[in-house]
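Just below is one structure, and these are the notes that go with it.
Just the heavy atoms: all of them, side chains too, but no hydrogens, waters or symmetry mates, feed the values below.
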Amino acid sequence: MKKFLILIMVICLSVSVFAACGNDTENTDATKAPATEAATTAPTATPTEQPTPEPTPEPTPEPVLEDPEVDAVLFRFHYADKYMWDKDKVENFISSDATGSGQTAKGEACQYYYEEGEGLAIDVLLEDPFFMVPGTGENGESFNLSDYPIFKIRLKNETLSETFEAFITKNPAGASASENFKFDITAEDTEYKDYIFDFATKGDEYFTNLKPVGGIRLDCLSITQEQLDEGAATVYVDYFGFFKTVEDAQNWNPAHVVPATAE
């Protein structure tokens, strides 16, 4: 009987333990933290389309204007690939993409080259700057001063010099003292000016008897070292030419030039 009572108690104790374990399981499930929802991903922004940059337009080249017709021997420098810069027409002159050098016994006296919008630029390095220009005109034609005695030049002189100087030579490669001519010009200019020299009235008979012109030594300036040290050292030449009469020289201007007053 005693054994039977002990068995009954063991069975009851087992049932109680099993029930307690079942309750623990339910409680554990009930206290679980709710599942975390997946974070919402922000929508990806569509990149702004960048505008295609406009290509830089090529600069419009300066139109080559047709100059008025005139009976003259001209040396024009305004355009980079025409007239005196055209190597097919004129020998022994520098091309538009090179720097010329005027050499003297003292060394390099000047550099001359094309400058856009100006023409022939001459940088003076020593007090006696010069270089030779063919005496045949821009089209290769020879001429005599007896037929074309009027010299006209359009230049801008930024230096302190007040004297233009050049030589009309018999020898295409050199000059002598007797072939020199000069006239007054203004200094420290900011604009171009026209100058006219009449070989028929101001020049020596040597010039009018010179047939044909061999060459032109273009000094442009009679300038001292002191003037070079104190001021600018560049002079620009738009053109020069030899005309039949003073009236022809005064009345003719290139198409790109507003008529100027001759000095």
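- Residue L160 is not grouped with residue L221 when hydrophobic side chains (ILVMFWY) are merged at heavy-atom distances under 4.5 angstrom, including chains of intermediate members.
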Requested in this report: With ring pair (Phe, Tyr, Trp, His ring centres under 6.0 Å) as the test, would you mind laying out the steps for F143 and F242 before giving the verdict?
Outcome: CA-CA 9 Å; F143 69 101; F242 296 84; 4.9 Å; yes

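- Between the side chain of N171 and the main chain of A173, a donor-acceptor pair closer than 3.5 Å is present.
- A donor-acceptor pair is defined here as one N or O able to donate and one able to accept, closer than 3.5 Å; such a pair exists between the side chain of N157 and the backbone of S161.
- Considering only residues two or more places apart in sequence or on other chains, E108 meets the side-chain hydrogen bond (donor to acceptor under 3.5 Å, both in side chains) condition with S101, Q111.
- Within a 6.0 Å radius of CD in E69, other residues, nucleotides and ligands contribute 12 heavy atoms or fewer.
- Not a single donor-acceptor pair under 3.5 Å links the side chain of E230 to the backbone N or O of Q227.
- If you look at F181 and F199, their ring centroids are closer than 6.0 Å.
- Between the side chain of K152 and the backbone N or O of G241 there is no donor-acceptor pair closer than 3.5 Å.
- The number of heavy-atom neighbours closer than 6.0 Å to NZ of K244, taken from other residues, nucleotides and ligands shown, is above 12.
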Side-chain atoms of residues 117-141: list all donor-acceptor pairs with protein atoms under 3.5 Å, sequence neighbours left out, distances to 0.1 Å.
unit_1 : atom_1 : unit_2 : atom_2 : d
E118   : OE1    : K156   : NZ     : 3.3
E118   : OE1    : Y192   : OH     : 2.6
E118   : OE2    : K156   : NZ     : 3.2
D123   : OD1    : Y113   : OH     : 3.2
D123   : OD1    : T234   : OG1    : 2.9
D123   : OD2    : Y113   : OH     : 2.9
E127   : OE2    : K106   : NZ     : 3.1
E138   : OE1    : R76    : N      : 3.0
E138   : OE1    : R76    : NE     : 3.4
E138   : OE2    : R76    : NE     : 2.9
E138   : OE2    : R76    : NH2    : 2.4
E141   : OE1    : N139   : N      : 3.2

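- A continuous path of ILVMFWY side-chain contacts below 4.5 Å connects Y206 to V213, so both sit in one hydrophobic cluster.
- By the 4.5 Å heavy-atom criterion applied to side chains, I216 and F240 are counted as neighbours.
- Between the side chains of H256 and D67, no donor N or O sits under 3.5 Å from an acceptor N or O.
- More than 12 heavy atoms of other shown residues, nucleotides or ligands fall within 6.0 angstrom of atom NZ in K82.
- Hydrophobic clustering (ILVMFWY, side-chain heavy atoms < 4.5 Å, transitive): F164 and L228 are in one cluster.
- Taking the six-membered ring for Trp and the full ring otherwise, the centers of W85 and Y79 sit at least 6.0 Å from each other.
- In summary, the aromatic rings of F77 and Y114 are positioned with their centroids too far apart to meet the 6.0 Å limit.
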